[in-house]
Amino acid sequence: MNANTTVKPVICRSVGKKYGNNIVALNNISFEAEYGEIFGLIGPDGAGKTSIFHILATLALPSKGSASVLGFDTVSDFRQIRQLIGYMPGRFSLYQDLTVEENLRFFATLFNTTVEANYKLVKDIYSHIEAFAKRRAGALSGGMKQKLALSCALIHKPKVLFLDEPTTGVDPVSRKEFWGMLKRLKEQGITIIVSTPYMDEATMCDRIALINRGAFMKIDTPAAIVESYAENLFAVRGNRMANLLKLLRSHSKVKTSFAFGDVHHVTVESDTSIDEIKRFIDENNSGEVEIYSVEPTIEDCYMWYSLSEDKKTEINNKVFK
Amino acid sequence: MNVEKAVKVEGLTKKFGEFVAVDNISFDVDKGEIFGFLGANGAGKTTAMKMLCGLSKPSGGRANVAGYDIASEAEQVKRNAGYMSQRFSLYEDLTVRENIKLFGGIYGMSAANIKTKTEYLLENLGMNSEGNKLVGKLPLGWKQKLAFSVAIFHNPKIVFLDEPTGGVDPSTRRRFWEMIYDAAENGITIFVTTHYMDEAEYCNRVSIMVNGRIKALNTPANLKKQFNSTNMDEVFRKITAE
């Protein structure tokens with residue numbers, strides 16, 4: 001347990017961020033993270049994820065509102081915060097021409113500690129790359145770089161970890177492994193704020209915020225977000241998938257139709273049945289098709305929430321060029 | 001008669017000193033096919049792709065891309081291939097028109113040809129009024145569309161897409177794949193890498209590389225059958241964990 005557990009470890013209160021006069025990067029962002037929570041910021045490039053990290057890591061000033069980390073204000077108490085957090089920026093942040101070992105030692109020294117003193121904390125992660133201790137960081141593969149960067153962000157025993165897209169460009173197997181590591185860190189009471197553009201990773205978080213164009217569309221547990229999805233969602237599979245997609249979009253009761261792996265996900269008006277869509281496809285003899293109701297994924301939810309915000313007209317006009 | 005091949009690879013190998021980055025790989029890609037080139041980080045995908053684009057000389061074996069030998073006819077390979085990646089695609093501080101003109105010029109297109117095709121392209125993308133805007137000012141989805149259109153502007157026989165959809169929002173990502181389908185339908189061969197396993201499903205065939213070798217190559221449906229998996233994510237994990 002932390003000494004000061006009455007104050008939430010990470011708080012954003014109506015945070016806004018403007019660059020210049022007319023670029024609004026963040027608009028009224030509010031959330032609180034709990035101790036030992038993995039809180040995910042889920043959204044595409046340009047949504048504002050990195051701006052939130054910059055403010056929380058005391059690298060940028062909010063234009064509006066305030067934020068605090070472990071009870072310290074990100075503006076007035078930035079020195080204290082810097083001692084207590086680990087930050088892994090989106091782009092590879094290590095020294096490419098230092099070896100793996102030298103990088104880790106360097107970051108430990110920066111924080112007035114030693115690799116030996118905190119080795120226990122990074123062992124689980126660092127052991128994967130220890131065999132390459134003498135290799136230059138620049139010569140590591142993507143998955144290994146990411147493990148080294150996490151080790152370096154952890155070596156001073158931070159209470160809060162900020163991870164900005166740690167899994168971007170990393171293959172699915174290494175990504176899964178990485179999330180396993182985060183889970184074990186969380187069990188040690190470390191609060192983790194992590195962003196990702198891979199929506200399937202959202203389910204690995206305790207709570208997530210769906211972020212789009214600088215604003216949160218929804219904050220909740222992944223399960224509750226899936227629960228809140230109110231659309232009529234079908235999956236359709238056939239032999240001629242590209243044609244099927246166009247055909248589905250031409251139906252007046254179909255709101256959206258998108259490819260989802262080996263099926264298409266289709267949302268329809270509430271009064272529309274599976275049979276009606278099935279009949280429509282058969283009438284246009286598109287061959288054998290399978291059609292059934294499905295549970296939405298976080299990606300369905302993200303698409304729906306971003307759509308319902310500002311693209312209703314687009315659906316109505318069916319502008320899907 | 002044989003189906004026309006856009007890519008023919010036989011025993012292609014690349015060594016860096018003792019390290020074998022690409023180890024004797026062989027495969028074909030049909031004309032107009034969407035071919036997914038998958039693998040773990042460090043498996044050798046980028047090295048193999050650089051050789052196929054004519055940017056790096058093989059240590060062994062040979063490959064033919066768009067009808068040209070990658071070692072002895074690298075220049076022709078480059079002229080007949082397009083390339084787009086998430087990291088590098090367009091110059092942000094040039095306008096839309098300037099970018100198109102630059103890339104058309106690099107690929108040796110005539111000024112007149114560039115001019116007519118530019119109007120056609122802008123019309124097609126619904127970007128007529130954006131032609132003189134800086135690319136850096138465009139929304140991400142438009143940049144993506146434009147980058148792909150520029151990569152196939154010189155009418156290449158094949159286009160290499162290196163993680164083209166990384167970091168893009170879910171709807172834009174899907175619309176991007178619809179553009180890929182259209183290009184493939186027009187006979188352009190698509191050679192694509194991705195870390196989104198749902199996108200592996202959109203490919204006609206998929207190869208999975210592990211430690212420099214191609215461990216599996218088949219249609220997504222057959223791979224799922226072969227590895228007794230419900231989706232490509234599971235297939236990928238089973239193959240790379242072996």
Side-chain angles (χ1 to χ4, degrees), chain A residues 23 42-47 49 90 139-146 165 167-177 195-200 211-213 237 241-243 245-246 249 256-265 297-304 306-307 311 314 319-321, chain B residues 16 19 38-46 86-87 124-126 137 139-141 143-145 163 165-175 177-182 184-185 193-202 208 210 220-221 224 230-241:
Chain A
I23 297 173
I42 314 292
D45 288 358
K49 304 189 299 290
L140 295 176
S141 75
M144 291 199 282
K145 277 181 183 172
Q146 166 218 44
E165 296 206 14
T167 55
T168 292
V170 175
D171 71 70
V173 172
S174 303
R175 275 164 51 194
K176 210 144 244 166
E177 214 174 68
S195 68
T196 177
Y198 298 110
M199 309 247 161
D200 57 331
I211 178 169
N212 185 32
R213 298 180 191 189
R237 192 199 318 261
M241 293 300 273
N243 288 332
L245 196 60
K246 287 181 184 142
R249 279 184 195 157
T256 64
S257 173
F258 283 110
F260 259 81
D262 62 346
V263 295
H264 294 325
H265 278 192
T297 63
I298 292 291
E299 211 164 12
D300 288 298
C301 298
Y302 188 94
M303 287 165 80
W304 179 247
S306 53
L307 219 54
K311 293 191 184 163
E314 198 174 350
V319 186
F320 280 111
K321 269 193 169 177
Chain B
F16 297 107
F19 180 66
L38 311 185
N41 295 115
K45 289 192 308 280
T46 305
Q86 178 205 353
R87 281 166 292 273
N124 231 357
L125 290 177
K137 301 273 185 214
L140 192 67
K143 265 190 229 174
Q144 194 86 3
K145 274 182 172 183
E163 286 184 44
T165 54
V168 172
D169 73 81
S171 345
T172 306
R173 193 155 75 78
R174 287 174 172 79
R175 282 176 215 177
W177 270 92
E178 288 164 28
M179 285 187 86
I180 293 181
Y181 276 132
D182 287 344
E185 243 165 58
T193 72
T194 180
H195 285 312
Y196 291 100
M197 286 302 118
D198 60 330
E199 295 187 347
E201 300 274 6
Y202 310 152
I208 300 181
V210 180
K224 282 185 279 183
T230 51
N231 55 46
M232 284 304 292
D233 191 55
E234 209 179 323
V235 170
F236 187 89
R237 272 185 282 134
K238 283 185 179 166
I239 291 173
T240 52

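Keep in mind that what you see is a predicted model, and the values were worked out from it rather than measured.
Distance check: B/E178 CD to A/F258 CZ gives 7.0 Å after rounding to the nearest 0.5 Å. Between A/H264 atom NE2 and B/R174 atom CZ the span is 11.0 Å, to the nearest 0.5 Å. The line from CZ of B/R237 to CD of A/E177 is 12.0 Å long, rounded to the nearest 0.5 Å. Here B/N41 contributes atom CG and A/L140 contributes atom CG; the two are 11.5 Å apart, rounded to the nearest 0.5 Å. Taking OH of B/Y202 as the start and CE of A/M241 as the end, the distance is 8.5 Å to the nearest 0.5 Å. From A/M199, atom CE reaches atom CG of B/D169 across 7.5 Å, with rounding to the nearest 0.5 Å.
Salt bridge annotation for A/D45-B/K143: absent, with no cationic side-chain nitrogen under 4.0 angstrom from a carboxylate oxygen.
A donor-acceptor contact shorter than 3.5 Å is absent between the side chain of A/Y198 and the backbone of B/H195. For the pair B/D198 (side chain) and A/F260 (backbone), a donor-acceptor distance under 3.5 Å is absent.
B/P170 touches chain A through backbone and side chain together, each having a heavy atom under 4.5 Å away. Residue contact with chain A, scored on non-hydrogen atoms closer than 4.5 Å, is absent for B/N231.
Counting heavy-atom pairs under 4.5 Å between each of A/S174, A/G169, A/A47 and chain B puts A/G169 at the top. Counting heavy-atom pairs under 4.5 Å between each of A/L245, A/T168, A/V170 and chain B puts A/V170 at the top. Ranked by heavy-atom pairs under 4.5 Å with chain B, the list A/D262, A/T196, A/D200, A/D300 is led by A/D262. Top candidate by heavy-atom pairs under 4.5 Å with chain B, chosen from A/A242, A/P197, A/P172, A/S141, is A/P172.
At a threshold of 4.5 Å between non-hydrogen side-chain atoms, the residues A/K176 and B/D233 count as touching.
In this structure B/E201 satisfies the salt bridge (Lys or Arg N to Asp or Glu O under 4.0 Å) test together with B/K224, sequence neighbours excluded. Every salt bridge (Lys or Arg N to Asp or Glu O under 4.0 Å) that A/K49 has, sequence neighbours left out, goes to A/E165.
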